[in-house]
Amino acid sequence: MTTPRVVSLDGLRGLAALLVVIHHALLTMSGFSAVYWGLPEPWFVTPFAHTPLHVVWAGGEAVLVFFVLSGVVLTLPAAAGRAHRWRAYYPSRLLRLYIPVVAAVTFAVLCALLWPRSVGADYSEWVRAHGEQISPATVVRDMVLLNGTSWLNSPLWSLRWEVVFSLLLPAYVWIAVRFGKRWWPVIGASLCAVSAIGSAVGSDAMRYLPYFGLGALIAVNVSAITNSAHRFFVSRHGPFAEVVLGAIAVLLITFSWWGPTSAGPVGNALRAIPVVGGVVLVVVLALGSPGARRLLSTRALTGLGTISFSLYLTHEPIVVSLAVMVPSDRSWVAPLLALPICLVIAWCFWKGVERPAHKLARSVARVADRPKRTDRDARQGPDYSSRIEHEARVDRVGDRPPGGGPLPGYAVPVLCPHDQLSREEAGPWICRQCGHVFGAASSLSPPTS
């Protein structure tokens, strides 16, 4: 059983990656960097600092959208009724994450060696923060991720939580599938509360891991969400409602920048709750709003979505290198040059590193999930080895075309061993996974009941 791909989520991922690049490109300018360092910002930055317009460079909030999307995508197969093969999942998932990460850290080291990052006080605080000394221990820690990361390639901080979530995925899936449909209000409110408490007490694990859980909750309720959204937006007031909800999402996701400020843990918690709601609303609109789906399904954004992981991993070393190459009084040059160069490098990285890593991960998953053949199976021949139970798709092989390949269009999902076929599905058939031909053309007879 295959899980349908939601194209609009690819576009949302591309848009989020673009916001992260814009965010870091603007931080090369002292005026924008001052916003995050708590320093007075110039007048032309203020409208983009403490108003909902902050959304155009809300890189931190875009990463939270990534977290929810990861929860959705990794839980969707289980929500669609597809059994997880954990023996195949873990090596495949870790290869998908770590091969690009190791390559990205190596790329960052090369950039830092070619363009040293030690700069004067007239550069932005964000650029100067990247001037820490590189050591083998720092490089190894950045590649491992689990013990935190350095400023060598600072976006890697989020990959730490991606890895933790990937390791804990069975627990997320079990809770979401077992309780998510009936108890989603309670689970959702609990996750929001945990994230808010994490913001209050300074616990990154409590703050960020609930976002993955909210994504898992969305995944198991995706049919209900899309159906309800269709009924809601199909009315003549639907387009107006989409605009209103989009504006609400922007207000919520930027609330911590323009909302009331109060010091202390309680204030941090209260500012965090609207952000959680805004991030969830953005993902829900990407799934259910016709206008949002059309926008996010455009070729430009889905193309960005394809290379979004590579763009996320490689853009910051480029941005920092550009910033240290240009004079500090011309810091506006780096943001102008950053985006086109980052897109080109990201495409090359996707083609040369990420896509081969995905192919390797799929191959490893197939090998890890291959059923083991016992000694008894080997003695008794292929008919018995083919009885090993696995989920497979089989093709009808009667009237095969020249070359002996199965006819497309005759595929049906079944479970192999073959005695689980119904009489109407009697062959001849060939199992794509074990390669055994059965039914009328094999020594195994179709079932009689």
With rounding to the nearest 0.5 Å, note down the distance linking [atom1] in [X] to [atom2] in [Y].
X: Leu285; Y: Leu245; atom1: CG; atom2: CG; value: 5.5 Å
X: Leu217; Y: Thr75; atom1: CG; atom2: OG1; value: 9.5 Å
X: Ile218; Y: Trp184; atom1: CD1; atom2: CH2; value: 10.5 Å
X: Leu145; Y: Thr149; atom1: CG; atom2: OG1; value: 7.5 Å
X: Arg141; Y: Leu146; atom1: CZ; atom2: CG; value: 12.0 Å

May I ask you to test the [X]-[Y] pair for a side-chain heavy-atom distance under 4.5 Å?
X: Pro335; Y: Thr28; answer: yes
X: Val319; Y: Cys342; answer: yes
X: Val35; Y: Phe48; answer: no
X: Leu159; Y: Leu313; answer: yes
X: Arg231; Y: Ser228; answer: yes
X: Val320; Y: Trp126; answer: yes
X: Phe349; Y: Pro100; answer: yes
X: Phe67; Y: Val279; answer: no

Please verify the inter-ring angle class for [X] with [Y]; under 30° counts as parallel, over 60° as perpendicular, anything in between as tilted.
X: Trp257; Y: His50; answer: tilted
X: Trp161; Y: Tyr208; answer: tilted
X: Phe212; Y: Tyr172; answer: perpendicular
X: Phe66; Y: Tyr312; answer: perpendicular
X: His315; Y: His24; answer: parallel

Heavy-atom closest contact ([X] atom, [Y] atom, distance):
X: Ala286; Y: Leu9; result: CB-CD2, 4.1 Å
X: Ala368; Y: Pro91; result: CB-CG, 4.4 Å
X: Leu191; Y: Leu214; result: CD1-N, 3.6 Å
X: Gln133; Y: Thr138; result: O-OG1, 4.3 Å
X: Leu301; Y: Leu295; result: CD1-O, 3.5 Å
X: Ser118; Y: Gly131; result: OG-O, 4.4 Å

Above 12 or not: heavy atoms from other molecules or residues under 6.0 Å from CH2 of Trp157?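 Yes, because the 6.0 Å sphere around CH2 of Trp157 holds more than 12 heavy atoms from other groups.
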In this structure, are over 12 heavy atoms from other groups packed under 6.0 Å from Arg362 atom CZ?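 Correct, the count exceeds 12.
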Between Glu316 and His130, do the side chains contain an N or O donor and an N or O acceptor separated by less than 3.5 Å?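 Result is yes, a qualifying pair exists.
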Going by distance alone, is a donor N or O of one side chain under 3.5 Å from an acceptor N or O of the other, for Asp10 and Thr302?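 No - no donor-acceptor pair under 3.5 Å links their side chains.
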Aromatic contact, Trp332 with Phe32 (centres under 6.0 Å):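 No: the rings miss the under 6.0 Å criterion.
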Applying the side chain to side chain donor-acceptor pair (under 3.5 Å) criterion to Asp122, which one of Ser328, Ser30, Ser331 satisfies it?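 The option that passes is Ser328.
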Given Ser150 and Asp142, is the side chain to side chain donor-acceptor pair (under 3.5 Å) satisfied, shown in steps? CA-CA 7 Å; Ser150 69; Asp142 285 355; 2.7 Å; yes
Would Asp204 and Arg207 pass as an ion pair if we require N to O under 4.0 Å?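 Here Asp204 does not pair with Arg207 in a salt bridge, since their nearest N and O are not under 4.0 Å apart.
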Does [Y] offer a backbone N or O that forms a donor-acceptor pair with the side chain of [X] under 3.5 Å?
X: Thr226; Y: Val222; value: yes
X: Trp151; Y: Arg128; value: no
X: Glu125; Y: Trp37; value: no
X: Ser195; Y: Cys192; value: no

Write out all pairs satisfying ring pair (Phe, Tyr, Trp, His ring centres under 6.0 Å) with one or both partners inside residues 89-122, taking only residues at least two apart or from two chains.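 The answer is Trp86-Tyr89.
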